[in-house]
Every structure is written in structure tokens, then in C-alpha cells.
Amino acid sequence: MSETNQPINPDYQSRLNRVFDYIDENLGGDLSLERIAEVAYFSPYHFHRIFKFITEETLNEYVIRRRLTKAADELLHRDITASELAQKYGFSEVSSFSRAFKKYFEVSPTEFKKQNPNRFSKISQLLRKNGQAYPNVEQYLSIIKNHKNWITMNATIEVKQMPLLQTAYVSCKGLQNLETAYGQLMQWAAPKGLMNDQTKLATVFHDSFKFTAPAEVRMSASILLNSDEKPAGVVSLRTLEPGKCIVGSFEIGLDEFEKSWTGLFVWMNEQGYHKNDQEPFEIYHNDFKQHPEQKCIVDLCIPVD
């Protein structure tokens, strides 16, 4: 996959995959151009040009966005202060964190937390597309009720310990590039005999749709591995750590994923669980094209404390 629609040198993409993983693992540390260029084995000048070409963002813009959206996600889902977030995400002072946060979200962290948290959810993004106002309390409660009913009727939900999952993946930016990423992954997997009736594919979401436009969300098109493999070209390897997850099992159409994710997060909040730092992911148990109703049999997984 490429993060743009342009073909990317596979070696460059492999190095960028390493960079994305490093950034995610070190959001509170040194993410300077010089340090990240070292991770990618490029000169700072060359790396800056390549990163901007592939992601359409400068490294600094990308790092700031990742830090602030992760902080915002924690404000919505965890009991945490701005001071704690500033320290966790690499800001020298809480004042500099607050200024950056307000510039990005147009409200301070304190106001963000005070406001109806669903103002920043996909529900409200949908309602306000045509300039409509945020829902009032009555509308909001009606929306929540609808999502709770949807979950009750369409999902089996468990809270369970997920095992360590070894994956091979191709990274992509934007829903519009996910199919291409899976195509590249399968081209790598098929000759190895990894594509069969037991194969499980998965998508890992590195950005939140609450704060990031669908065309900008970074994802990993993945295959779950049962054997040792080596990365090659645009395909890299990643371990999904074991831990507690809310797992919603669905049989849904392609147009019902958004509703299902929103409903699952509503369920999480209602039950008092808190999303942790790990990324949400989907595991697919069938090829929807072979389903008589073109439906996906899928587990939606939210890692929680």
C-alpha cells in the first residue's frame, strides 16, 4: 500500500511502516526529525521529503495530530487530567499542551471534557454534515436508545482475554486505499499457502474516526499468522499484544459497520469500561462476497483496562 495513490518504492514503505510503529510506541518521547530519520535509515532531508510525499503531512504535523487525537480520545474515555496528558504525550508544559489542543479542536482540554462528549463522536459528525445543530438532550437520548437497541438485536458481546496475535500487514491511509492494501497483502500471502478456509483477515485502526476524516485514517490491512514468516516489500510484521477486549460479534452489511462500532462504544460506556491505549481492530470470519446476503461475519474488538 501507499499512503497516497502514487506507487511507492516497497523499501521506502517498509521503512515508513517502522517509523509509524516507532511513533505510536514513543508518543511521549523524542520524535524529532533527526531521531525519526535515524529510525528510517534516511538523512533528515531525504526523510522529510519522502514522509511528506507519502503522508501529505510534515513529520511535525503528523506527530502533533497523533499526540492530540490520542489525548482527546483519553479525555473522552478515561478519568485523566490535562497535566497528565501533557506529560504522557511529550509536551514540556501543560500550557503548551493546552494551546496546541485548543488550536486543533477549537476548545481547551477542560472545555472539551465538560462538553457533551458525543459532540465529537461519529453520531454528531453525521448529524451536522449539512450545517445541522448538535443534537439536544432529547435527540441524543433517542440516538443512544436506537444504538442500544441495534446492539441488542444484532450483536453477541463478550468481555474476554484475547491471546497474542501475530500479524502480517500492509499499511494504508484512508478507507479509499484499504482494498488496495488487502490486494497487496494477498499477493504476498497466496504463494506462501496462507490463503485458505481457515485464514483470518483483520483491520487495525490507528486513528479514531471521531477526530480524523475517513480519507485520513491510517489502518493496517492484516492477516493473522499461525507460522513464522518474514516481511517483504510493503508487507511488515506486527504483534497485537494479549489483553482484555470487548468483542462484539456481528453478521452485518458493509453499510452497517459504522452503526455497529458506535453501538459497541455506547455499550462500553454504559457498562463502565474504559478503552486503553491499544488500537481497536476487526477480525473477519468470512468472505462477504460469498455470503448469500453479502454480509460480513466479523468481530469488532475494543481493548479495555
Side-chain angles (χ1 to χ4, degrees), residues 16-40 51 55 57-122 162 164 171 173 204-213 216-220 238-246 261 265 268-269 272-281 301-305:
L16 261 293
N17 287 345
R18 188 164 60 245
V19 163
F20 291 134
D21 288 343
Y22 182 86
I23 290 172
D24 286 348
E25 293 166 4
N26 295 276
L27 283 171
D30 178 11
L31 297 178
S32 64
L33 176 61
E34 290 74 19
R35 176 67 193 113
I36 301 302
E38 287 179 5
V39 172
F51 190 90
T55 67
E57 294 178 280
T58 67
L59 175 65
N60 187 60
E61 288 169 341
Y62 178 81
V63 167
I64 290 295
R65 178 169 66 81
R66 288 292 290 152
R67 284 172 164 166
L68 292 177
T69 54
K70 290 286 283 186
D73 199 48
E74 292 210 47
L75 280 173
L76 291 188
H77 296 297
R78 302 172 71 88
D79 184 15
I80 192 167
T81 67
S83 180
E84 291 171 318
L85 289 170
Q87 183 176 15
K88 181 173 182 177
Y89 291 110
F91 291 86
S92 58
E93 297 178 352
V94 67
S95 58
S96 60
F97 167 70
S98 296
R99 283 195 301 272
F101 192 96
K102 187 170 184 178
K103 182 177 179 181
Y104 192 87
F105 288 105
E106 300 182 345
V107 292
S108 70
T110 302
E111 287 302 313
F112 182 94
K113 195 167 185 176
K114 283 181 180 178
Q115 290 173 349
N116 180 348
N118 292 281
R119 172 177 178 177
F120 294 92
S121 74
K122 295 176 74 175
M162 293 291 285
L164 180 147
S171 178
K173 180 181 178 182
V204 181
F205 298 94
H206 305 287
D207 289 307
S208 171
F209 284 94
K210 297 186 190 78
F211 318 115
T212 309
E216 301 295 321
V217 169
R218 188 168 67 86
M219 296 163 286
S220 291
R238 176 185 290 120
T239 298
L240 302 183
E241 297 298 329
K244 187 192 300 183
C245 276
I246 295 172
W261 271 114
F265 273 102
M268 179 189 77
N269 292 333
Y273 289 99
H274 298 284
K275 178 182 172 298
N276 66 23
D277 291 339
Q278 302 301 311
E279 315 290 5
F281 56 96
C301 305
I302 304 174
V304 294
D305 293 331

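Everything quoted here is computed from the prediction, not taken from an experiment. Residues: numbered from 1 along the sequence shown.
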Working to the nearest 0.5 Å, report the span between [atom1] of [X] and [atom2] of [Y].
X	Y	atom1	atom2	result
Asp277	Asp305	CG	CG	8.0 Å
Leu33	Glu38	CG	CD	10.0 Å
Leu164	Thr239	CG	OG1	5.5 Å
Arg218	Tyr62	CZ	OH	3.5 Å
Glu84	Leu75	CD	CG	10.5 Å

Non-hydrogen side-chain atoms of [X] and [Y] separated by less than 4.5 Å:
X	Y	answer
Asp207	Arg66	yes
Gln278	Leu240	no
Trp261	Ile302	yes
Ile64	Lys103	no
Asn26	Arg35	no
Pro280	Lys275	yes

Can you tell me if [atom1] on [X] sees more than 12 non-hydrogen neighbours from other groups inside 6.0 Å?
X	atom1	result
Asp79	CG	no
Glu57	CD	yes
Lys88	NZ	yes

Mutual orientation of the aromatic rings belonging to Phe211 and Phe112 [parallel < 30°, tilted 30-60°, perpendicular > 60°]: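 Plane angle between 30° and 60°, so tilted.
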Short side-chain to backbone donor-acceptor contact, Lys210 and Thr69, under 3.5 Å: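 Here the side-chain-to-backbone pair does not exist.
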Check: Leu27 main-chain N/O paired with Arg67 side-chain donor or acceptor under 3.5 Å: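 Looks like yes, one N/O pair under 3.5 Å.
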Taking every non-hydrogen atom, the tightest pair across [X] and [Y]:
X	Y	answer
Leu85	Phe97	CB-CZ, 3.9 Å
Phe51	Val19	CE1-CG1, 4.3 Å
Cys245	Pro303	SG-CA, 3.7 Å
Val107	Phe101	O-CD2, 3.4 Å
Leu59	Leu31	CD2-O, 4.0 Å
Asp21	Arg238	OD1-NH2, 2.7 Å

Residues Ser108 and Glu111: side-chain donor-acceptor under 3.5 angstrom: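 The answer is no; no qualifying pair exists.
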Side chains of Asn60 and Thr58, donor plus acceptor under 3.5 Å: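 Per modelled atom types, Asn60 and Thr58 side chains form no pair under 3.5 Å.
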Option from Lys70, His77, Arg78 for which side chain to side chain donor-acceptor pair (under 3.5 Å) with Glu74 holds: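 The residue from Lys70, His77, Arg78 that satisfies side chain to side chain donor-acceptor pair (under 3.5 Å) with Glu74 turns out to be Arg78.
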Qualifying residue, where the test is side chain to side chain contact (heavy atoms under 4.5 Å, CB included) with Phe91 and the options are Ser98, Ser83, Ser96: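 Running side chain to side chain contact (heavy atoms under 4.5 Å, CB included) over Ser98, Ser83, Ser96 with Phe91 returns exactly one hit, Ser96.
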Cationic tip of Lys173 above Phe20 ring, under 6.0 Å, 45° of axis: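 So Lys173 doesn't make the cation-pi contact.
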